[in-house]
Amino acid sequence: MVVVENLTKKFNGTLAVNKLCMEIPEGEIYGFVGANGAGKTTTMRIIAGLLAPTSGRVFIKGIDIAKEPLKVKEFIGYMPDFFGVYDDLKVSEYMAFYAGLQGIYGQKCRELTDSLLELVRLSDKKEAYVDTLSRGMKQRLCLARSLIHDPEFLILDEPASGLDPRARVEMKEILKELRTMGKTVLISSHILPELSELCTSIGIIDSGRLVASGSVREITEKLSQSGIIRIKVAEKEEEAVKILMEIPEVKEISSVADDIEIKVNGGKDIYAMILKTLVRNDIPVISFHPEEGSLEAVFMKLTERSSENEN
Amino acid sequence: MRINPVLQKDLKTKLRGWRAPVLITCYIILLALLLLVIFAGNGMLNPYNVYGYNPRLAVDTYNILIVFQFALLFIAVPAITATSISGERERQTLDLMLVTKTHPRTIITGKVIISIAHTMLLFISSLPVLGVVFFFGGVGIADIAKLLLFYVFTAFFVASSGVFFSSLFRRNITAIITTYLFLGLVTFGPFFAYLVHLYFRETAAIAAATTYTPTYGEILAILFPSPVFGFASFFFSDSSDYYGFNLWGRVVYYIDGYLNQQTGIMRLMKPWIVNGVFSILASVLLIIASTAVLNPLKRNK
């Protein structure tokens with residue numbers, strides 16, 4: 001659905017996006033993770049056709065956005081992180097205005113408005129003035145607006161930002177419904193547990209570079225391979241530590257409560273080798289538990305690494 | 001027929017509520033008060049008026065009212081249009097429009113047309129006040145129709161200028177100031193240029209011990225961009241203006257004098273026609289430029 005090739009954007013010489021490449025297959029819910037100023041919004045605005053890249057190309061359904069922007073916009077629904085509303089405009093008129101901009105009029109517009117307001121649970125606010133809605137309602141209305149032309153690809157920039165917990169849950173439920181509708185979604189958020197729950201794959205962006213991309217499981221697994229293992233032994237703890245110290249892949253050994261905690265460099269095969277070594281040496285291992293990395297831990301690790309590389 | 005969605009939305013929101021009727025009412029009251037002051041100043045409201053009716057009163061009143069309207073067009077239209085795009089940007093609603101399949105040109109034309117529509121609404125609402133001068137004769141329906149057409153041309157140019165600067169600058173205040181500066185330059189710049197031209201030509205003529213008389217072609221070639229020059233066609237000048245203190249009347253008398261000497265095609269080159277054509281062409285160019293500026297993929301590379 002979306003292919004981004006070597007995307008670079010400079011603002012007055014400052015690099016905001018640096019040779020970013022990504023691919024979002026059809027039907028994916030792709031979470032875009034990054035700190036403030038990492039280049040998420042800039043990338044999303046370029047993909048939405050709202051900003052010209054300094055170099056690089058974006059293809060939506062195989063169409064180059066720079067060559068046929070209006071054609072591509074038929075497939076895109078965009079919800080920015082910050083947006084305004086008009087005074088003196090009712091919810092139904094707001095929807096009709098954007099439907100008109102998408103070339104939808106009359107009966108079709110009214111039908112779409114009704115069904116979308118139902119989807120975002122704003123049917124009872126149809127005749128209310130937009131500026132009287134709460135922040136959460138405005139966010140939901142903006143989402144309905146972005147769906148007015150039934151786009152195949154949705155770009156949602158921090159859709160839950162600034163919402164109270166209840167409104168956030170409501171937004172999450174709507175996004176889950178979008179997933180069942182088969183939409184391809186590019187979504188950015190700071191709330192990482194929410195993304196890992198909702199997304200099929202994620203991309204982590206740091207200083208304008210995509211430092212990791214893949215399914216949530218793939219990324220967390222890949223990163224937990226260089227992670228921490230907690231070992232519990234019934235006895236011979238000192239002997240176990242000695243054996244572990246002789247394994248070159250074991251970088252750090254510490255004692256946490258009754259467990260031995262080791263930091264390992266390597267993948268699953270190394271984990272297996274460590275366990276095998278301990279068992280062969282008659283160490284009574286009763287628990288061997290590699291710690292799984294959460295999305296948050298992965299994000300922290302990756303962004304930490306890339307800043308270390310920069311230094 | 002599909003109405004431009006930007007035009008439709010702006011018509012709805014701007015004419016909704018109490019603001020629009022109050023604005024129109026205030027405008028008509030202001031014009032009517034102006035009319036009353038002129039009439040009172042000429043003794044027309046005095047039941048014991050022994051001087052009778054001054055036949056010049058109708059055209060003088062007409063002159064004052066149309067100058068007032070023309071000035072208002074230059075003050076009000078830029079204020080509306082210079083915030084039309086930058087206002088959307090400040091309100092963070094522009095991106096939501098640009099992300100749709102509507103071409104930026106449609107957005108720009110919608111904004112220009114809404115400004116012209118507002119101006120025309122004010123003008124047409126004021127026709128009953130202007131119509132008072134018909135009681136006295138001297139001003140015909142054709143004069144009013146031509147004036148209306150000229151106002152449309154001028155409003156088109158003023159609105160396009162406002163929208164252009166509004167597209168160019170992010171902030172409302174910058175867009176408003178640059179629009180007024182640009183319009184000031186186009187309106188008064190040609191007159192200044194003409195005075196400089198006269199000065200050099202006359203100095204050269206004196207040095208050569210000859211006399212210099214400008215031609216209508218020269219006047220036209222320098223003054224054509226100025227809407228004030230075009231407006232000269234609608235101001236009724238009088239021979240007394242030549243000697244009087246009315247500077248504008250004197251300018252109009254001067255231009256009329258040259259125009260009346262013309263024959264053939266030049267006779268048709270009336271200030272309002274020439275300036276009207278310029279306004280249309282300049283507006284089209286400004287709309288094309290605004291579209292290019294607004295197109296997100298053609299800027300900020």
Side-chain angles (χ1 to χ4, degrees), chain A residues 9-12 42 44-55 58 64-90 93-94 96-106 109 129-131 142 145-146 148-149 151 155 157, chain B residues 1-23 83-111 113-114 118 167 170-172 291-301:
Chain A
K9 180 70 191 175
K10 281 180 186 169
F11 290 110
N12 301 322
T42 305
M44 288 176 129
R45 281 172 57 81
I46 293 171
I47 296 173
L50 289 170
L51 203 60
T54 308
S55 64
V58 177
D64 189 341
I65 194 160
K67 287 184 181 154
E68 289 184 78
L70 294 184
K71 174 103 186 115
V72 167
K73 281 173 185 176
E74 283 179 27
F75 308 123
I76 298 176
Y78 173 66
M79 180 178 170
D81 49 352
F82 297 105
F83 60 90
V85 290
Y86 299 101
D87 304 336
D88 297 332
L89 208 60
K90 291 176 181 173
E93 291 166 347
Y94 178 87
F97 169 53
Y98 287 102
L101 288 171
Q102 294 287 9
I104 303 161
Y105 299 91
C109 166
Y129 280 94
V130 175
D131 55 335
C142 190
R145 174 206 55 78
S146 68
I148 192 81
H149 56 302
I155 302 170
D157 194 359
Chain B
M1 195 184 84
R2 301 264 183 256
I3 299 174
N4 182 320
V6 178
L7 175 65
Q8 198 174 23
K9 191 266 295 170
D10 279 3
L11 272 177
K12 197 174 277 180
T13 53
K14 285 186 176 153
L15 293 179
R16 173 177 275 165
W18 55 270
R19 279 189 216 119
V22 167
L23 183 77
T83 57
S84 57
I85 299 292
S86 53
E88 296 275 359
R89 211 177 264 133
E90 282 192 358
R91 206 187 296 117
Q92 294 178 316
T93 46
L94 185 63
D95 278 355
L96 303 184
M97 281 202 265
L98 291 176
V99 84
T100 64
K101 67 177 188 184
T102 297
H103 197 279
R105 187 182 49 242
T106 311
I107 299 171
I108 296 286
T109 46
K111 295 289 183 187
I113 294 170
I114 188 79
H118 273 136
S167 309
R170 300 189 72 82
R171 296 186 59 212
N172 280 340
T291 306
V293 171
L294 198 61
N295 191 340
L297 298 180
K298 284 190 179 167
R299 64 184 152 96
N300 297 330
K301 274 237 178 190

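Note that these values count all heavy atoms, side chains included, but never hydrogens, waters or copies made by symmetry. Source: prediction; values computed, not measured. Letters A, B, ... are given to chains in the order of the sequence lines, protein chains preceding strands, and every chain is numbered from 1.
Inter-residue side-chain proximity for B:Arg19 and A:Asp88 is flagged as met; some heavy-atom pair is nearer than 4.5 Å. Using a 4.5 Å cut-off on side-chain heavy atoms (C-beta onward), A:Tyr86 and B:Glu88 make contact. The closest side-chain heavy-atom distance from B:Thr106 to A:Leu101 is not below 4.5 Å. Considering only heavy atoms from C-beta on, A:Phe83 stays 4.5 Å or farther from B:Asp95 through its side chain. Here the side chains of B:Thr100 and A:His149 are not in contact, with every heavy-atom distance at 4.5 Å or above.
Ranked by heavy-atom pairs under 4.5 Å with chain B, the list A:Ser146, A:Cys142, A:Gly84 is led by A:Gly84.
Considering OH of A:Tyr98 and OG1 of B:Thr102, their distance stands at 11.0 Å, rounded to 0.5 Å. To the nearest 0.5 Å, atoms CG (B:Leu96) and OH (A:Tyr94) are separated by 5.5 Å. Note: A:Asp81 CG to B:Gln92 CD = 8.0 Å, rounded to the nearest 0.5 Å.
Neither the backbone nor the side chain of B:Lys14 comes within less than 4.5 Å of any heavy atom in chain A. For A:Val85, the part sitting under 4.5 Å from any heavy atom of chain B is the backbone (N, CA, C, O) and nothing else. Both the backbone and the side chain of A:Gln102 have a heavy atom closer than 4.5 Å to some heavy atom of chain B. Residue A:Tyr129 touches chain B through its side chain alone, counting heavy-atom pairs closer than 4.5 Å. Both the backbone and the side chain of B:Arg91 come within contact range of chain A, with heavy atoms under 4.5 Å apart.
Nearest heavy-atom pair, A:Gly49 versus B:Pro296, reported as atom, atom and distance to 0.1 Å: O-CG, 3.3 Å. Between A:Tyr78 and B:Val99 the shortest heavy-atom distance is CB-CG2, 3.5 Å. Between B:Pro5 and A:Tyr105 the shortest heavy-atom distance is CD-OH, 4.0 Å. Closest approach of A:Lys73 and B:Leu98 over heavy atoms only: NZ-O, 2.7 Å.
Of the candidates B:Gln8, B:Arg16, B:Lys9, A:Glu93 forms a side-chain hydrogen bond (donor to acceptor under 3.5 Å, both in side chains) with just one, namely B:Arg16.
Around the CZ atom of A:Phe82, the shell of radius 6.0 Å holds no more than 12 heavy atoms that belong to other residues, nucleotides or ligands.
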